[in-house]
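For reference, the structure discussed in these notes is given below.
Please read all numbers here as calculations on a predicted model, not as lab measurements. In each ligand, atom 1 is the first atom listed, and ligand 1 is the first ligand listed. In this chain, residues are counted from 1 in sequence order.
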Amino acid sequence: MLLQLTMLGTGSAFSKSFGNNNALLELPDQQKLLIDCGHTAMMALHQLQQPLEQLEGVIVTHLHADHVGGLEELAFRRKFSSSAKPTLYIADTLVTPLWEHCLRAGLEDQQHRSLADFFEVQPLVPGTPFSLTDGLDLTLVHTDHIPGKDSYSLLWNQKLFYSADMTFAPDLLQQLHQEGTEYILHECQLTGQGAVHTTLDELLSLPASIQSCIQLMHYGDEQPDFIGKTGSMTFLERGQTYRYEI
Ligand SMILES: O=c1ccn([C@@H]2O[C@H](COP(=O)(O)O)[C@@H](O)[C@H]2O)c(=O)[nH]1
Ligand SMILES: [Zn+2]
Ligand SMILES: [Zn+2]
């Protein structure tokens, strides 16, 4: 199974250079899905000349604006263009908070009163593989980010781990590596304390065999100062397409 991933952005929440850390995923059956849809996602798709009508759906990791801030525009534009509702793949725990805390204020009117008026909602049970298409399973992995708020990393066929925003989880990374995960796309805070994110120094403390599987994303605008300082870990780049055989 070949997964093709185009990074719409690779920046941290406040990055002005790299856009929100969101991706466009293309499956062998031609399905196109977004991984997160932050407030810069619509502009990024416009620049890629990617028609919104061709998007099958969106996978949501958690409810910060750099990950869900573009959903209001996506919902309205799909509604106005009379195209099919995009599917929302989202942890069951996040369905109600997404509507009540993020989208309801902007989307609700007298005719549209729920998330299901704009999206085909596909709740996912964390820890249980979900078959997106033949030969492709997605498992949500609960990972720590903001205390008290749920956030889910994405594990594809046990082979590719795409981190949500998360604090350092060396035991999880070690376990994934031992169980055959070959690719780890990991968020990375380059400077400062990693209160709610994983720092570069933390990732550099991992065994070399794990570091060699890691590509860094969700980084700050100081990234150019860190080129050549990430060991064998490489930076994912905005606008670039990556292919993973999983
Ligand atoms: O440099 C930074 C930027 C943000 N934070 C904290 O992260 C979250 C919001 O950003 P996300 O990327 O959506 O998680 C918020 O709690 C900020 O305080 C940070 O620690 N360092
Ligand atoms: Zn973020
Ligand atoms: Zn976050």
*With respect to the Zn ion (ligand 3), what is the nearest N, O or S atom of H62?*
NE2
*If you look at H64, which of its N/O/S atoms is nearest to the Zn ion (ligand 3)?*
ND1
*Are E187 and ligand 1 in contact, using a heavy-atom cut-off of under 4.0 Å?*
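So E187 does not count as touching ligand 1.
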*Going through the distances and angles, do Y183 and F161 end up as a ring pair (Phe, Tyr, Trp, His ring centres under 6.0 Å)?*
CA-CA 6 Å; Y183 309 103; F161 179 78; over 10 Å; no
Element-labelled atoms of ligand 1 that are located less than 4.0 Å from some non-hydrogen atom of [X]:
X    : value
I146 : 16 (O)
V196 : 6 (C), 7 (O), 20 (O)
H145 : 14 (O)
D165 : 11 (P), 12 (O), 13 (O), 14 (O)

*How far apart are the C-alpha atoms of H145 and H67, what are their side-chain angles, what is the distance that settles it, and do they pass the ring pair (Phe, Tyr, Trp, His ring centres under 6.0 Å) test?*
CA-CA 13 Å; H145 179 33; H67 302 268; 7.6 Å; no
*Give the intermediate values and the outcome of side chain to side chain contact (heavy atoms under 4.5 Å, CB included) for residues L103 and L71.*
CA-CA 8 Å; L103 295 178; L71 287 176; 4.0 Å; yes
_Stepwise side-chain hydrogen bond (donor to acceptor under 3.5 Å, both in side chains) check, E187 with Y162_ = CA-CA 9 Å; E187 71 120 293; Y162 182 106; over 6 Å; no
*Look at E56 together with K32 and state whether they make a salt bridge at an N to O cut-off of under 4.0 Å.*
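K32 and E56: not salt-bridged.
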[atom]: nearest protein contact (heavy atom, Å):
atom                    : answer
atom 4 (C) of ligand 1  : F14 CE1, 3.5 Å
atom 8 (C) of ligand 1  : H64 CE1, 3.9 Å
atom 10 (O) of ligand 1 : A13 CB, 3.1 Å
atom 7 (O) of ligand 1  : H197 NE2, 3.1 Å
atom 21 (N) of ligand 1 : Q189 OE1, 3.9 Å

*Rounded to 10°, how many degrees is the angle OD2/D165-the Zn ion (ligand 2)-NE2/H67?*
90°
_Please report, to 10°, the angle around the Zn ion (ligand 2) from atom OD2 (D66) across to atom NE2 (H218)._
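Taking the Zn ion (ligand 2) as the apex, I get 100° for this pair.
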*Heavy-atom donor-acceptor pair, Y152 side chain to L94 backbone, under 3.5 Å*: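 The answer is no, because no donor-acceptor pair under 3.5 Å joins these two groups.
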*Side-chain donor or acceptor of S15 paired with backbone N/O of G220 under 3.5 Å*: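 Flag not set: sc S15 to bb G220 has no pair under 3.5 Å.
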*Could an N or O of ligand 1 be found under 3.5 Å from any N or O of S12, whether backbone or side chain?*
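No, there is no polar N/O contact under 3.5 Å.
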_Does D109, at its CG atom, have more than 12 non-hydrogen atoms belonging to other residues, nucleotides or ligands within less than 6.0 Å?_
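More than 12 heavy atoms, drawn from other residues, nucleotides or ligands, come within 6.0 Å of this atom.
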*Should the heavy atoms of other residues, nucleotides or ligands under 6.0 Å from CE of M43 be counted, would the total exceed 12?*
no
*Given side chain to side chain contact (heavy atoms under 4.5 Å, CB included), test Q50 with L8 step by step and report yes or no.*
CA-CA 11 Å; Q50 169 59 55; L8 299 180; over 6 Å; no
*asked:* Between H197 and the Zn ion (ligand 3), is there a contact where an N/O/S atom of the residue lies under 2.8 Å from the metal?
replied: no
_Taking the six-membered ring for Trp, are H112 and F118 closer than 6.0 Å centroid to centroid?_
yes
*Looking at atom 1 (O) of ligand 1, is any protein heavy atom nearer than 4.0 Å to it?*
no
*Short check: is a protein heavy atom less than 4.0 Å from atom 18 (O) of ligand 1?*
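Under the 4.0 Å cut-off, atom 18 (O) of ligand 1 has no protein heavy-atom neighbours at all.
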*Shortest heavy-atom approach to atom 12 (O) of ligand 1 - which of H62, H67, H218*: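 Among H62, H67, H218, the closest heavy atom to atom 12 (O) of ligand 1 belongs to H218.
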*Could you name the option among V68, D36, T61, D66 that has the heavy atom nearest to atom 13 (O) of ligand 1?*
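That would be D66.
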*Below 4.5 Å, heavy atoms only, C-beta onward: do L132 and L33 meet side chain to side chain?*
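Touching, per the 4.5 Å side-chain cut-off.
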